[in-house]
Amino acid sequence: MNPDDIVAGLNPVQREAVVNSQGPLLILAGAGSGKTRVIVHRIAYLIMVREVAPQEIMAVTFTNKAAQEMRERVRAMIGPVAQSMWISTFHSSCARILRNHGDRLGFSAKFSIYADKEQIALLKEVSRKLNLSATMFPAEYLRSAIDNAKNRGVDPDEYALEARQTHNPKSQVVAKVYKLYQESLKENDALDFGDLIFLTVALFNKHPELLESYRERFHYILVDEYQDTNEVQYRLINMLAEPRRNLCVVGDDDQSIYSWRGAQIKNILDFESDYPESKVVRLEENYRSTATILAAANQVIAGNRKRKGKDLWTKNCSGDLVSLFLGSNEADECSYVIKRISTSVREPGDFAIFYRTNAQSRIFEEGLSRRGIPYIIVGGTKFYDRAEIRNLLAYLKVVNNERDGVSLQRILNIPTRGVGKTSVEHLQVYAEENRLSFWETMERLDAEALIRGKARSALLGLRDMILQWRRDQGECKPSQICARIIAEIGFAEWLQKNNDPVQAQTRGENVAELLNAIELWEDEQENPTLAAYLENVALINDDCLSVEEASRVTLMTIHRAKGLEFDEVFLVGLEEGLFPGKRSYEKPELLEEERRLCYVGMTRAREKLHMSACRIRRLYGQTVDSRPSRFLMEIPLELMRREDRHRSSIFKSEASAGAPPKETFSRFQRGVGSQPTSRRKPGPTKKFGLTKSIDQSSPFPQGCRVEHAVFGPGVVAGVKGSGDETKLDIIFRDRGRKLLLLKFANLQKLG
DNA sequence: TTCGGAACCCTTTTT
DNA sequence: GGGTTCCGAA
């Protein structure tokens, strides 16, 4: 094939990235620079021009969505041969490897994958065995400590050594937990997410010949979002790529926002020293945003020191200024956002609202629904995290994997069948004393007088059902087994009985939806086994079930927004202490990450960007005075337009809360820059948002209660202008806020 | 076993 | 403020 055909339509830099197919390559891909396009073309180039066999290429991403899109687009370019390529997430690539060779580490090919909830359940069991106090060592604390260790590539022995060396008593306890937890996982024939990667690395370390075989297989390795890789992922990739060094990493150091999950920005920053012979390509032309938005974003990110350095530019027009709205409180901020959405010619689906923390979403949700504007909140409790779904999945896991004790214990009394705490304890003790798995203990119920009465017969019944379902696996599809389980345990009836009618309804629907989802999945599979389905659920935990409608306003955290784009974006809550968050103050690295987060949020916008902050915010039940975020200060005033100038200071809290003068606000009022951290200046400071000169001679001064013939009762929030031009800013009790010309308003004074 | 109320926590969460 | 979790009482 003619190389020119492959690179046709790419800009010169993109071509560089595609054509440089041999040796290590770092592609610094700015936001909206056509990254995926480059990756896809690069793969096509390798196969079509360099005649690399597809199965010699491994492409790794972080999300299923990214993997899917990449796979789809490659297939569209080169056809079905793409099928034999490994394009998948870190986790599913590793799961695949471990299913093939996990026996060398003591796992079967059917191992269960434990998500957070199951990790916690197992950790509680471990804590109990070690007699740990749940207050001193909450399961969640242990979970994240162990998770961190795995991300760092630290095994239990190394962890114990670390703990001893640092004389940290708490860590020494965690070390014990970590060790026992790993043993328990093995007994349950289960792995957690961290294990998938870490144990793959361990497998390769322990069995060099296996590593060699994969090195032989994968001649070309490509990693997307390289800035988000953690230590083990880094090790994995680099060990595989070592002999041939055909490693292409794509990423953007300016969009590294997952350090708290173990991502190491240094991986991308140090790539050039890891591979001195490497080439670097910078994709800086942006095809997404207006020049104004980019200029603003560039200014913000320029405040970071630890970065490769990159300036996005575009041929797009300059577009609108960035709108800046400084509200009095979050209700005010919210109504600004909603007003802009409801008065726009755009469709709801063109808008997105991004916030730093999930807690901020509620007010927007309420406001939008009150106005009847369709919206979707991305995030929150996922489908597969709902209790009823997890219960059914636990059943399926038990059917699939005999040794999975965590899932078995979960379902013992679901639906309630009279197996209480004491019975479970008896079983646990017996299992422990006889070194049996939980399932083996259940098998001995006949022979041993372990448990008596109702619990005994219930357990025997459950055991027989499980045995039957396991036999069914031969001729039944997973969906049929699942349906059988639901029917035979009386799950629907139990849900009815134990929930209020509304909840019972949704839970029932969820169960139906699960069956539906399994069937959909089966339709796409050649060989739909239960084990395969369970892996799919564990790793591809996507919410394709909640159909993403294009016609709704999208609400999500900025973290979730990475990789997406919208015509018009509202970035809300830009306040010191919230964004950047308070916790980032002490550490410069954390502050830099917050700044990157801001940059990510801003660069999602195609045409119009709004940024807003509140003067007063209720947070965790407390009302706090806030100042605008330093990130706002970093944007040149020429790029912004204030959207709240006409507004007056109607909010008593502002005058009476005794808030210290906020010179940062005055920066926007007077058009003079000031440092966010500057000390308080002497003398009076203009109050933010206050109408410049209140006409004290107005018959209806600020705060005056009035009655309007049509709008009813209200309060004068502000007065503007004078004489015939006098306008009153009034908040009506029932009709919201209006700006009225005094001479026409025909107001009655009240009280 | 199930409930209800007190106590607790509180960034972000690709897999 | 609110959601979750945990413990004790019925």
Side-chain angles (χ1 to χ4, degrees), chain A residues 60-68 88-95 113-116 119-120 124 134-135 138-141 143-144 147 150-151 191-198 224-225 227-230 232-233 255-263 330 354-363 378-382 384-385 387 413-424 454-455 458 497-498 535-543 556-564 573 577-585 590 593-594 596-598 600-601 617-624:
Chain A
V60 201
T61 65
F62 276 85
T63 68
N64 293 296
K65 207 173 146 195
Q68 215 176 324
S88 50
T89 64
F90 272 101
H91 293 266
S92 48
S93 309
C94 288
I113 297 174
Y114 282 178
D116 309 21
Q119 283 183 282
I120 296 254
K124 282 186 176 164
T135 13
E140 176 51 40
Y141 167 80
R143 196 199 65 79
S144 69
D147 233 36
K150 289 177 179 178
N151 288 160
L191 276 68
D192 63 25
F193 284 133
D195 284 336
L196 289 174
I197 321 278
F198 187 27
D224 191 17
E225 307 280 16
Q227 78 282 355
D228 289 339
T229 48
N230 63 31
V232 254
Q233 287 160 341
Q255 293 187 66
S256 163
I257 55 177
Y258 281 106
S259 73
W260 46 277
R261 292 212 62 164
E330 56 285 50
F354 300 151
Y355 32 80
R356 177 69 244 262
T357 70
N358 282 307
Q360 291 165 257
S361 73
R362 171 163 293 116
I363 190 161
V378 180
T381 317
K382 289 184 216 114
Y384 288 105
D385 276 344
N413 203 31
I414 287 174
T416 37
R417 45 170 77 92
V419 181
K421 212 196 259 169
T422 9
S423 307
V424 176
K454 197 181 159 204
K497 209 178 82 192
N498 287 283
E535 174 167 326
N536 171 69
V537 171
L539 299 182
I540 312 194
N541 194 358
D542 66 347
D543 272 25
M556 61 172 100
T557 62
I558 308 165
H559 279 91
R560 283 197 170 242
K562 196 173 115 185
L564 305 177
L578 182 64
F579 190 19
K582 237 195 200 87
R583 292 163 189 240
S584 62
Y585 287 178
L590 293 182
E593 181 146 321
E594 295 283 307
R596 292 193 290 267
L597 193 55
C598 184
V600 167
R617 177 173 293 274
R618 285 177 92 97
L619 206 59
Y620 305 133
Q622 282 183 331
T623 306
V624 289

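Note: hydrogens, waters and symmetry copies are ignored here, and every other heavy atom, side chains too, is used. Proteins come first, then strands; the chains are lettered A, B, ... in the order of their sequence lines, and each starts at number 1.
Rounding to whole angstrom units, CD1 of residue Ile558(A) and C1' of dT12(B) are separated by 9 Å. For Ile120(A) and dT4(C), the CD1 to C1' distance is 13 Å, given to the nearest whole Å. The interatomic distance linking Ile414(A) (CD1) with dT1(B) (P) rounds to 11 Å, in whole Å. Across the protein-nucleic acid pair, Glu225(A) atom CD and dT15(B) atom P stand 12 Å apart, rounded to whole Å. If you take CZ of Phe198(A) and C1' of dT15(B), they are 17 Å apart, rounded to a whole angstrom. In this structure, the CG atom of Leu619(A) is 9 Å from the C1' atom of dC10(B), given to the nearest Å. When rounded to the nearest whole Å, the span between CD of Glu140(A) and P of dC8(B) equals 18 Å. The CG-P distance, from Asp116(A) to dT14(B), rounds to 10 Å in whole Å.
On a pure distance criterion of 3.5 Å, no polar donor-acceptor pair joins the side chain of Arg261(A) and the base of dT14(B).
Trp260(A) qualifies as a stacking partner of the dT12(B) base, centre to centre under 5.5 Å and near-parallel within 30°.
Straight-line distance between the P atoms of dT12(B) and dT5(C): roughly 16 Å, to the nearest whole Å.
Nucleic acid contact for Phe579(A): none, since no nucleic acid atom lies under 4.0 Å from a heavy atom of the residue. As judged by a 4.0 angstrom heavy-atom cut-off over every strand, Val60(A) is placed among residues making no nucleic acid contact. Nucleic acid contact for Glu535(A): none, since no nucleic acid atom lies under 4.0 Å from a heavy atom of the residue.
Here the CD1-CG distance, from Ile113(A) to Asp195(A), works out to 10.0 Å after rounding to the nearest 0.5 Å.
The nearest pair of heavy atoms linking Phe579(A) to Leu597(A) is CZ-C, 3.9 Å.
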> Given the rule in the ring-ring contact (aromatic ring centres under 6.0 Å, His included) test, do His91(A) and Phe62(A) qualify, once you have shown the distances and angles that lead to the verdict?
Replying inline: CA-CA 8 Å; His91(A) 293 266; Phe62(A) 276 85; 8.1 Å; no
So which protein nitrogen or oxygen atoms get under 3.5 Å of nucleotides 6-10 of chain C's nitrogens or oxygens?
from, atom 1, to, atom 2, distance (Å)
dC6(C), OP1, Lys124(A), NZ, 3.4

Short N/O separations, protein against nucleotides 2-4 of chain B, under 3.5 angstrom:
from, atom 1, to, atom 2, distance (Å)
dT2(B), OP1, Thr416(A), OG1, 3.3

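Side-chain atoms of Ser88(A) and Ser93(A) include a donor-acceptor pair closer than 3.5 Å.
Scanning for salt bridge (Lys or Arg N to Asp or Glu O under 4.0 Å) contacts around Glu593(A) gives Arg596(A), with sequence neighbours left out.
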